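What follows is a set of notes on a single structure, which appears directly below.
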Amino acid sequence: MKGYLFTALWGVLVWLFATLFFRFFGEHVLFSPVTDEFIISIVLLLVGTSILLCGVTYVYLLFDKTNNAPLKFGVIGTIIGLALDTFSLSNHYMVFPTLDDSQVIAFTAWMSFAYALYLFIPLLFNRKMRSI
């Protein structure tokens, strides 16, 4: 159970970083889904998210040397993040006060794909570790 608590803490930190990023910069990087800027911004955000998740997964693995540690990180982090995002989206007017409704939809689109990456990137790390 102790190992899961450590992993959950990392999940909370990843969620907190992402939430604070969009709280402070969301109005500048999120655009209405019906605009051309939306596609460009979502692609750039997802590329950045992928790079950051690779880095965070790598750093996490410096601390957790257990079998299937990347999978544990991805699954526990996704569970924690989705649970916390349920509340942040339900209270988006308080959590993201500067975003209009279309930007909240853009955030939700980014978030959905980001959680897929949160599962996929650790899976790739796990496969890489097994092949070494």
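Note that the numbering runs from 1 along the sequence shown for the chain. In this text the structure is predicted, and so the values were computed from the model without any measurement. Quick note: numbers below take in every heavy atom, side chains included, and nothing from hydrogens, waters or symmetry partners.
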With the side chain counted from C-beta on, respond yes when [X] and [Y] share a heavy-atom pair under 4.5 Å apart, and no when they do not.
| X | Y | value |
| --- | --- | --- |
| Thr49 | Leu53 | yes |
| Phe24 | Thr98 | no |
| Asp36 | Ile40 | no |
| Tyr93 | Leu99 | no |

*Sequence neighbours excluded, every pair satisfying ring-ring contact (aromatic ring centres under 6.0 Å, His included) that has a member inside residues 36-60*: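 Output for this query lists Phe6-Tyr60, Trp10-Tyr60, Tyr60-Phe73.
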Rounded to the nearest 0.5 Å, what's the gap from [atom1] on [X] to [atom2] on [Y]? Could you check?
| X | Y | atom1 | atom2 | answer |
| --- | --- | --- | --- | --- |
| Ser88 | Met111 | OG | CE | 7.0 Å |
| Tyr115 | Ile79 | OH | CD1 | 11.5 Å |
| Glu37 | Ile42 | CD | CD1 | 12.5 Å |
| Leu30 | Leu45 | CG | CG | 6.0 Å |
| Thr19 | Leu89 | OG1 | CG | 9.0 Å |
| Lys72 | Asn67 | NZ | CG | 10.0 Å |

_Residues Leu61, Thr57; criterion side chain to side chain contact (heavy atoms under 4.5 Å, CB included); working and verdict_ = CA-CA 6 Å; Leu61 293 176; Thr57 303; 4.2 Å; yes
Give the cluster check for [X] versus [Y]: same hydrophobic cluster or not, with ILVMFWY residues linked at side-chain heavy-atom distances below 4.5 Å.
| X | Y | answer |
| --- | --- | --- |
| Tyr4 | Leu9 | no |
| Leu52 | Val59 | no |
| Phe21 | Leu44 | no |
| Val95 | Phe107 | yes |
| Val29 | Leu46 | yes |

Under 3.5 Å, sequence neighbours excluded: what are the donor-acceptor pairs made by side chains of residues 117-132?
from: Asn126; atom 1: ND2; to: Asn68; atom 2: OD1; distance (Å): 3.2
from: Arg130; atom 1: NH2; to: Asn68; atom 2: OD1; distance (Å): 2.9
from: Ser131; atom 1: OG; to: Lys128; atom 2: O; distance (Å): 2.8

*Validation row, ring centre Phe22 to ring centre Phe96 under 6.0 Å*: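 Centroid separation for Phe22 and Phe96: 6.0 Å or greater.
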For the student: nearest non-hydrogen atoms of [X] and [Y], plus distance:
| X | Y | answer |
| --- | --- | --- |
| Trp110 | Ala18 | CH2-CB, 3.9 Å |
| Ala106 | Pro33 | N-CG, 4.4 Å |
| Gln103 | Glu27 | NE2-O, 3.3 Å |
| Ile80 | Gly11 | CG2-C, 4.0 Å |

*Does Asn91 CG have over 12 foreign heavy atoms under 6.0 Å away?*
yes
